[in-house]
Number of protein chains: 2
Amino acid sequence: MPNESKVTTRLADVAREAGVSPSTASRVLNGSARQVADEYRERVLAAAERVGYTTNLAAQATARGRYPAIALVVGDIRDQFFARIAFGAVREAARRGYVLNLLSTEGDTDRERGLVHDLRRQRPEALVLVRKRDTTPMAGSKLMQELMGFERESGRVVIVGEPSEPVLAIRPPDFDGAKDLATAMLGLGYRDFAVFLSDPKVPSARDRLDGFRAGLSAGGVALPDSRVYPTEQSFLGGASSAAEYLADGRDTELIFCTEDEVALGAIHHLRSEGYDVPGELAFAGYGRRRQNPFGEDDWLTTVRSPLEEMGAAAVDAALGPAYGSVPASVAEVHIGGSTPGRAADDGPEKPSGNASRKSRSARRARA
Amino acid sequence: MPNESKVTTRLADVAREAGVSPSTASRVLNGSARQVADEYRERVLAAAERVGYTTNLAAQATARGRYPAIALVVGDIRDQFFARIAFGAVREAARRGYVLNLLSTEGDTDRERGLVHDLRRQRPEALVLVRKRDTTPMAGSKLMQELMGFERESGRVVIVGEPSEPVLAIRPPDFDGAKDLATAMLGLGYRDFAVFLSDPKVPSARDRLDGFRAGLSAGGVALPDSRVYPTEQSFLGGASSAAEYLADGRDTELIFCTEDEVALGAIHHLRSEGYDVPGELAFAGYGRRRQNPFGEDDWLTTVRSPLEEMGAAAVDAALGPAYGSVPASVAEVHIGGSTPGRAADDGPEKPSGNASRKSRSARRARA
DNA sequence: TTGAAAGCGGTACCAC
DNA sequence: GTGGTACCGCTTTCAA
């Protein structure tokens, strides 16, 4: 039993030490309305300092009827997606003086429900549930019922990463991010695009495609379906799509991959086939991997999802008074060496189908 | 105020519903010694189910004088090192029915102290502080004082990742892991080694070097200092050490890099210079990156630090009764394609200094 | 403004 | 075994 004889000073100790009543001590140490005489106030503060007092959160919670905690339920904290969101949430929770409880479903969708249920005993003020948009939807599921139960008896529920009707949701700005990227690429002089669409079934990937297309349309450039290559979401997937692309004899200027990993795989493949990237073919990704196998960080042009911001926004939304007042977090386009600017007056300069110039080291060019 | 009128059923409700006293209800619902008649027990259980009762943890905590929570303080949860440890800790805490509070120092060593101080109001039963072994030591620091204060008044403190005298610490088995790797490499027939030592100042890197050396010694193979290349801990660092290595005209059989990232950079460089890896030169790393730029997961021979296990062990140590009874977590050597087995009877076959065979696609060879 | 006293939701010691 | 009751540490009416 770890609880042998831990000594903690209580509010009563402070009160006695200061020569005031517990009520007064409570008021100056934790109360909201500052209605204590300055002299008493200082006496209490000094006493508290002297005896090393810290509020007992649990006791305060029983008395007040609410515990200043917020529960964060993620799939797998080792996953960058979850980790970045958690980072933002932790930071925001701390800023507000809230305790953050971390729970992990470890990918088990069933566990989600059990966790939400167990969670109730902590009576946190809010629950932030982070879901990857490729996990099974929660429609009218048991989980949803549990969530609504939680909302009724405990506090607010916010879902991050998935639209989910009855509950407040925070979603990554995939559409807008891709649209901004498209605009930026047009600005650099590109006019001829192809897209490697990593897993068309994933909603966020589709959003990125749609957004990219919308951005191009706005600039008067069309993206026919024949230029969209469905791809497996991985390095290898990118490589094989690149092979497919070459086999098609395509000659676009830039390939937008809806996932950085895919872009890196494709680039790797093209380079090993002797192509000059970005000289002959430029690349843009999505997701903002800071490092890449080519040894130059931030070299790949990409879009960074504001995951940390979303985590913070979720906490904000969960704790804030206004239900819909979530500050829109915006994606950030990063222009790297993989998309050098093109002289705008150049006609579409077709690379010869089987170029042979070898260039294995990453370009240092910056936009 | 999110706390409008949340309705929660209390223990008293259950008791009334079951027609027993609160004491009895408490005993069956939360008590340890099972000293309640079966009939009553079932009545209470049924009643609890009916009214949807869940224990109010905060109230229970004030009554019991202890809150079943454990605080986990990490630097940056987005970092794989912290994330994997956190994963293990979360899992173990959940298994024990403990709440896990996640705190982040965001790299600010000063904040560590403030956090530990603030933490006290939660009165968690234990505190697990995760530190990268390259952060500033905590000798007789203020932080350490705060920690000992915590240990006195709240609960046990466990440090992960750094040896720290007065407090219980859990460290990665860097030495043993590297030693096991050396043994395995000897077993594959390698006899001639070099080491890329990423940042000699980092203790874990040194441990890995020492362990590797120890493993070799045990097999009768020496590793002279001239074969140890101090390297910056990054992809680029690996690449430039490889260049340095080539300039030295070395002809070892295998290079052990104390960090996977370094190995990948070195391999990348050697291949782009036309060398055949692992044909001419084998590579082993440390850290177990699952993916690599060469597109084949788990291709690199490496050692996986049992970070998740360490996280769990930390919780175990913090909550368990015996102070020193931490189950030793052991590193796991992973043999991949980067270290093909050598025929044991082969003499040291020297690769010509400037081999030219190009081979850019990853070898599929498996040990 | 200040302090006395009655809770908050549970627990646990104590007689019956 | 079971229920009465004091109490955990803090908050908050309410009267002075």
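These numbers come from the heavy atoms of this one structure, side chains and all, not from hydrogens, waters or symmetry mates. Just so we're clear, the structure is a prediction, and the values are computed from it rather than from any experiment.
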Footprint string (nucleotides 8-16 of chain D, 5' to 3'): B base within contact, S backbone only, - free, heavy atoms under 4.0 Å: BBBSBB---
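Considering only heavy atoms from C-beta on, I70(A) comes within 4.5 Å of V128(A) through its side chain.
Rounded to whole Å, the distance from CZ on R16(B) to P on dT2(D) is 20 Å. Across the protein-nucleic acid pair, Y67(A) atom OH and dG10(C) atom P stand 16 Å apart, rounded to whole Å. Rounded to whole angstrom, the span from the OH atom of Y40(B) across to the C1' atom of dT2(D) amounts to 7 Å.
To the nearest 0.5 Å, the span separating CG on N30(A) from CG on L11(A) amounts to 7.0 Å.
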Output side-chain donor-acceptor pairs under 3.5 Å for residues 81-92 of chain B, partner residues at least two apart or in another chain, one line each.
unit_1, atom_1, unit_2, atom_2, d
R84(B), NE, E308(B), OE1, 3.1
R84(B), NE, E308(B), OE2, 3.0
R84(B), NH2, S305(B), O, 2.5
R84(B), NH2, E308(B), OE1, 3.1
R91(B), NH2, E106(A), OE1, 2.9
E92(B), OE1, R95(B), NE, 3.0
E92(B), OE2, R95(B), NH2, 2.8
E92(B), OE2, R96(B), NE, 3.3

Could you go step by step and tell me if E17(B) and R43(B) meet the salt bridge (Lys or Arg N to Asp or Glu O under 4.0 Å) rule? CA-CA 9 Å; E17(B) 176 81 11; R43(B) 283 231 300 266; over 6 Å; no
Decide salt bridge (Lys or Arg N to Asp or Glu O under 4.0 Å) for R66(A) and E125(A); before the verdict, give the C-alpha distance in whole Å, the side-chain angles of both, and the deciding distance to 0.1 Å. CA-CA 7 Å; R66(A) 60 193 206 86; E125(A) 281 183 34; 2.2 Å; yes
